[in-house]
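Input: a single structure, listed below in structure tokens.
Just so it is clear, the model here is predicted, and its values are computed rather than measured. Both backbone and side-chain heavy atoms feed into the values below; hydrogens, waters and symmetry mates do not.
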Amino acid sequence: MQTHRAKRVEITIEQVMQSRLTTAIENAGVTGYTILPVFGGSGRSGKWARAGQISRAEGMLQVVCIVRPEKLDPLLKAAFAVVEKHIGVVCVTDCEVLRAERF
Amino acid sequence: MQTHRAKRVEITIEQVMQSRLTTAIENAGVTGYTILPVFGGSGRSGKWARAGQISRAEGMLQVVCIVRPEKLDPLLKAAFAVVEKHIGVVCVTDCEVLRAERF
Amino acid sequence: MQTHRAKRVEITIEQVMQSRLTTAIENAGVTGYTILPVFGGSGRSGKWARAGQISRAEGMLQVVCIVRPEKLDPLLKAAFAVVEKHIGVVCVTDCEVLRAERF
Amino acid sequence: MADIFALAAQNLISPVVLSFALGLFAALVRSDLSVPEAVAKALSIYLLFAIGFKGGVSVADHGIDAGLGLSLLAGVIMSALIPFIAFGLLRVLSSIDRLNAAAVAGHYGSISIVTFVAATSVLESQGIAAEGYMVAVAAAMEAPAILSALWLVSRGSNGHRMDSTLWREILLNGSIVLLVGSFIIGFATGPEGMEDISGFIVAPFTGVLCLFLLDMGLVAGRGMQKGHHVLGMGAILFGVLMPVTGSIIGFGCALLLGLSTGGTLLLMTLSASASYIAVPAAMRVALPEANPSIYLTLSLGVTFPFNLVAGIPLYLALAQAANGG
Amino acid sequence: MADIFALAAQNLISPVVLSFALGLFAALVRSDLSVPEAVAKALSIYLLFAIGFKGGVSVADHGIDAGLGLSLLAGVIMSALIPFIAFGLLRVLSSIDRLNAAAVAGHYGSISIVTFVAATSVLESQGIAAEGYMVAVAAAMEAPAILSALWLVSRGSNGHRMDSTLWREILLNGSIVLLVGSFIIGFATGPEGMEDISGFIVAPFTGVLCLFLLDMGLVAGRGMQKGHHVLGMGAILFGVLMPVTGSIIGFGCALLLGLSTGGTLLLMTLSASASYIAVPAAMRVALPEANPSIYLTLSLGVTFPFNLVAGIPLYLALAQAANGG
Amino acid sequence: MADIFALAAQNLISPVVLSFALGLFAALVRSDLSVPEAVAKALSIYLLFAIGFKGGVSVADHGIDAGLGLSLLAGVIMSALIPFIAFGLLRVLSSIDRLNAAAVAGHYGSISIVTFVAATSVLESQGIAAEGYMVAVAAAMEAPAILSALWLVSRGSNGHRMDSTLWREILLNGSIVLLVGSFIIGFATGPEGMEDISGFIVAPFTGVLCLFLLDMGLVAGRGMQKGHHVLGMGAILFGVLMPVTGSIIGFGCALLLGLSTGGTLLLMTLSASASYIAVPAAMRVALPEANPSIYLTLSLGVTFPFNLVAGIPLYLALAQAANGG
Ligand SMILES: Nc1ncnc2c1ncn2[C@@H]1O[C@H](COP(=O)(O)O)[C@@H](O)[C@H]1O
Ligand SMILES: Nc1ncnc2c1ncn2[C@@H]1O[C@H](COP(=O)(O)O)[C@@H](O)[C@H]1O
Ligand SMILES: Nc1ncnc2c1ncn2[C@@H]1O[C@H](COP(=O)(O)O)[C@@H](O)[C@H]1O
Ligand code: NA
Ligand code: NA
Ligand code: NA
């Protein structure tokens with residue numbers, strides 16, 4: 001089937017930052033994203049697991065945005081401004097999408 | 001380690017369509033897939049979040065299938081037939097897998 | 001923005017193996033990973049769904065590690081040693097990351 | 001008349017209604033208060049199980065009579081016919097297109113089980129008895145309206161929107177199975193069974209209902225915020241007039257069936273209420289082009305609060321007037 | 001004999017058993033009824049906490065005697081030995097291979113805590129007392145069977161299937177810690193502690209058990225659909241004969257220990273029941289080559305329903321006969 | 001003095017405290033026992049709803065007096081001032097840097113609602129009454145401390161760490177809205193409302209608190225394991241001295257306000273306790289550079305257990321001495 005080149009950006013970030021991140025990427029002109037729950041993880045700031053926390057302060061989640069290649073840079077700039085001081089990871093992959101008119 | 005080329009297809013779709021989608025991709029000869037929960041998201045049909053819904057009608061999920069390159073086209077055709085009229089996104093990435101005999 | 005090449009390794013594995021897998025990949029020098037919950041899936045060992053199980057024995061999850069290219073091989077070896085006899089899938093994708101100093 | 005207001009006021013300051021208001025408030029000020037999805041589901045499993053079981057025990061207690069069969073029949077007929085009235089009313093009052101109007105109409109033929117539960121809890125607090133089998137009538141009214149809605153859409157076109165999978169999903173959806181199943185369990189085990197589990201399904205019932213309505217308020221409030229711009233004044237008017245219309249139809253049926261005051265209220269509430277679980281799910285599958293914001297906002301954001309706050313006391317007043325109560 | 005049937009019938013039409021049947025039915029007709037994983041876990045935490053606490057309070061009430069130590073010992077020995085019998089019986093009755101047979105055998109040496117809870121709820125509804133420490137016996141019987149199963153597999157081979165991590169996971173698994181912990185809490189706080197929390201762990205207990213069994217029915221039904229083709233007639237026969245065999249061994253031990261009627265029923269139930277939580281998890285780690293469909297379907301899909309519906313009344317009849325009850 | 005020990009011992013062997021100890025134990029031996037996140041959230045929604053509602057009913061029962069307004073004011077002032085004391089004490093006792101010390105200080109000005117609930121449950125079991133409006137004081141004390149902490153950080157620098165979004169998030173966070181909302185519902189519906197739902201919010205209350213504290217124990221234990229190496233002896237000492245200091249300030253305020261014995265205990269508990277929900281979340285947003293291990297371990301791993309086990313009986317003894325109780 002006919003597919004179109006796009007970029008898949010996966011941002012792992014603290015739950016408390018969710019609305020700030022999505023607002024920032026919306027301001028960068030990105031309208032579509034999907035938020036995935038995260039069970040736990042490990043990084044420079046140590047390990048954590050969802051079951052072992054009572055405080056809303058600790059959870060993380062993933063925001064996945066699929067964008068046209070030309071929107072990648074504004075998206076990364078917007079995401080970086082939010083993630084910068086916070087823990088978290090930004091990862092970009094090449095991908096192909098169906099129905100390009102949606103992105 | 002020895003790896004083998006494959007395609008990773010990630011389909012974001014409404015929960016109510018889950019069994020229809022998996023049946024369709026099974027009919028297309030794909031036997032393996034993994035279903036991920038989705039917390040929330042945004043797209044042309046607006047924003048939604050899992051916590052804010054009481055109706056089974058609104059949730060989404062992701063179906064991830066890793067397939068040999070030659071199975072990609074039948075898989076996309078099958079997925080597209082289901083997704084077509086519905087909201088949702090299909091995204092394909094190149095990948096490498098261990099244990100190719102499984103796919 | 002400036003990005004750096006890396007590898008995204010996605011390992012789908014049984015929940016009971018989680019700590020064994022993360023210990024193994026930590027021993028291979030990988031310090032960062034994110035664990036995603038899985039709703040259900042299908043493979044050579046049949047279908048399963050989270051809602052239909054009462055036994056801790058059946059759930060699966062995904063461990064996603066983003067690593068520098070040179071750490072890929074030790075990571076795959078470590079993961080493979082754990083996954084070998086168990087059901088599960090390992091999938092590697094090329095990616096780009098911000099803030100390379102973190103990996 | 002003064003009585004209606006007194007009853008309405010008393011209804012308004014009950015923990016149940018105020019919990020709903022709290023949820024609504026929290027959503028409208030965009031507080032991060034939220035009830036996890038799994039917990040909301042647990043609460044609804046609890047309510048369905050308890051309400052079904054109590055209904056069954058009550059039927060076991062009083063015996064089955066012809067009323068059961070006739071009421072079921074009346075419920076099915078109302079569920080199938082109300083969508084046509086709703087469709088007409090909505091097309092007259094608003095500019096919503098045929099497809100979306102049909103989708104909305106299906107919701108109003110079907111029922112909202114929480115509205116039903118809220119009505120039973122008003123009956124309980126007033127000490128008014130009702131036919132236990134109304135629970136079964138509720139279950140019977142869930143599905144027929146969906147067919148009518150799809151017929152309204154495909155009329156004249158070649159629409160094959162129902163497949164057998166969807167049929168099975170509708171008829172065997174979790175709420176119906178649980179409601180009917182626990183009704184049968186209650187019927188089979190009777191008052192003895194009730195004794196075993198009343199510490200679970202009776203004593204904490206109203207409190208659990210409060211938490212559930214807190215969550216309903218959150219959901220309704222979020223729905224209003226998201227959906228209010230898709231609804232014009234006409235549609236909102238429909239969301240208030242339609243339940244009243246439905247309740248009058250239910251009232252007529254109840255008179256014909258000779259139901260008690262309590263049973264009359266419950267049948268009125270069923271026909272006045274609009275589905276927000278089973279029908280939306282079926283519509284997403286069968287009518288994906290219809291806009292869920294429209295039907296969810298109308299059902300959850302307009303009609304549900306109206307019924308909870310004003311409708312139920314109104315219907316009860318009417319039911320009492322008719323039964324000389 | 002007539003008594004057994006009367007008891008069986010009475011057991012059958014209890015809310016607890018019928019809730020299980022409802023779940024089973026819903027799964028078999030492929031309804032989408034489901035209990036979220038988090039809720040199922042919460043229900044099981046509740047049951048373990050309540051049953052452990054009550055056991056502890058009862059021991060605090062009646063004092064510790066030699067029976068406790070001897071019963072624990074008997075439990076450990078039974079758990080370790082029953083797998084050998086199960087292994088032999090399964091190899092005779094079916095063509096299941098050595099590895100899978102050993103995995104299954106481990107399940108039958110260990111115990112199912114819900115079956116135990118169901119038995120205590122039958123005792124309660126009949127007003128029959130039991131030794132409170134049977135809860136501790138249940139905890140002690142969880143793990144030994146796993147060792148026997150692994151020994152059966154590695155006999156003659158060089159299998160090092162247990163590592164210290166797995167050891168820790170088994171002995172400190174959540175259910176054991178919670179059961180033993182709440183037993184100790186109940187023992188330490190005694191009847192006074194019970195007064196504090198009986199509104200939580202006594203009054204709603206049977207109702208919560210119903211919801212839990214509803215979920216067990218769903219899970220068992222889905223397991224049956226998935227697993228029935230992996231089990232031949234021989235294996236299914238094993239799933240019925242083995243609990244009866246286990247119960248007889250438990251009966252013998254109970255006689256030797258001089259347990260009360262209630263205690264006898266509970267020990268019989270423990271030895272008759274098959275694990276579906278702790279052992280499957282250990283088997284996935286230690287014996288990944290074994291097919292979980294086989295052992296889960298046997299344990300959850302055959303033996304659990306058998307014990308719940310027919311086994312417990314049967315064992316109780318025997319226990320009463322022996323104790324002149 | 002002997003009384004304090006007797007009370008402490010009695011407090012120690014309550015189901016509530018022992019459940020916490022069980023969770024702590026399970027975490028420290030790395031058992032896989034865990035309470036799903038959704039369930040923990042449900043338990044906390046339940047506790048907030050119940051405690052708010054009861055407070056409101058009690059105010060409705062006894063009428064509002066000037067004490068309410070003055071107590072709210074006192075609470076706000078204490079919440080705003082205690083961080084300065086905490087900051088000073090922590091900088092003296094440990095080598096924790098300015099930024100992290102400020103973050104910690106914010107936690108100690110704010111409050112822990114579970115500690116408050118545990119104190120009310122001690123009062124209940126002792127049959128000591130308290131001002132119902134202390135619940136409102138608890139809500140009022142949540143936020144001011146956050147401002148003081150941020151002021152401590154930005155003093156001298158140009159820090160604009162608060163934006164209006166964060167303001168809204170703090171003031172309308174779920175716990176505050178639910179606590180205040182259910183307080184108002186309780187006040188509005190009064191004893192009649194209480195009658196409707198006491199089977200839900202009174203009878204099972206202490207038992208639910210046990211399960212919640214089991215989970216708190218698990219979380220605190222995991223926090224200790226993860227965080228103990230970030231805390232030196234000085235910081236741990238702070239975690240014990242600071243609640244005592246806070247309680248004395250609270251004691252002084254209670255004397256000035258003329259609170260009852262129960263009210264005195266509650267105000268002391270509020271000022272002694274440290275936040276572990278609202279403040280950490282705000283700190284992650286406003287002070288991402290601060291290390292959460294430090295403030296969470298101190299608040300949850302040191303001060304919370306101290307208050308639960310030793311603090312509350314101590315504060316109660318003092319409150320009773322002062323009130324001649
Ligand atoms: N290399 C990585 N691969 C995948 N996820 C990571 C990686 N590093 C960090 N993370 C995720 O990001 C979170 C915060 O990481 P950090 O900022 O390094 O503490 C972790 O808890 C993980 O969920
Ligand atoms: N560009 C995108 N990137 C990631 N997910 C998307 C994107 N667009 C849509 N989605 C997901 O697909 C759902 C439906 O999208 P839509 O059909 O555009 O309303 C959204 O709620 C998102 O979860
Ligand atoms: N081709 C695949 N694509 C994505 N996920 C897969 C695939 N094959 C297997 N899986 C996942 O791995 C689990 C075990 O697979 P298996 O070992 O084939 O039984 C399945 O339940 C799926 O969650
Ligand atoms: Na209706
Ligand atoms: Na056994
Ligand atoms: Na404080």
Discussion item. Under 4.0 Å between a side-chain nitrogen and a carboxylate oxygen: does that hold for E84(A) and R99(C)?
Written reply: no

Worksheet item: Where does Q62(C) contact chain A at under 4.5 Å (heavy atoms): side chain, backbone, both or neither?
Response: neither

Fill in: Part of V83(A) lying under 4.5 Å from any heavy atom of chain C
both

Worksheet entry | side chain to side chain contact (heavy atoms under 4.5 Å, CB included), paired with E96(C), selected from V90(A), V92(A), L76(A), D94(A) | V92(A)

Practice prompt. Residue by residue, scan residues 63-75 of chain A and write down, ordered by number, those that have a heavy-atom distance under 4.5 Å to chain C; if none do, write 'none'.
Written response: D73(A)

Worksheet item: Just by modelled atom types, is the T31(C) backbone N or O under 3.5 Å from a matching donor or acceptor in the S42(A) side chain?
Response: yes

Discussion item. If I take atom OG1 from residue T3(C) and atom CZ from residue F80(A), how far apart are they, to the nearest 0.5 angstrom?
Written reply: 12.0 Å

Worksheet item: V97(C), L61(C), T34(C): which one forms the most heavy-atom pairs within less than 4.5 Å of chain A?
Response: T34(C)

Worksheet item: Between atom CZ of R8(C) and atom CZ of R8(A), what is the distance when rounded to the nearest 0.5 Å?
Response: 5.0 Å

Worksheet item: So, do L36(C) and F39(A) sit near enough that their side-chain heavy atoms are less than 4.5 Å apart?
Response: no

Response to the item:
Value for CG (L98(C)) from NZ (K77(A)), rounded to nearest 0.5 Å, stands at 11.0 Å

Worksheet item: Can you name the nearest heavy-atom pair linking T93(C) to T93(A), along with the distance?
Response: CG2-CG2, 3.4 Å

Item to complete: Check whether K7(A) gets within reach of chain C through its side chain, its backbone, both or neither, counting any heavy atom under 4.5 Å.
Response: neither

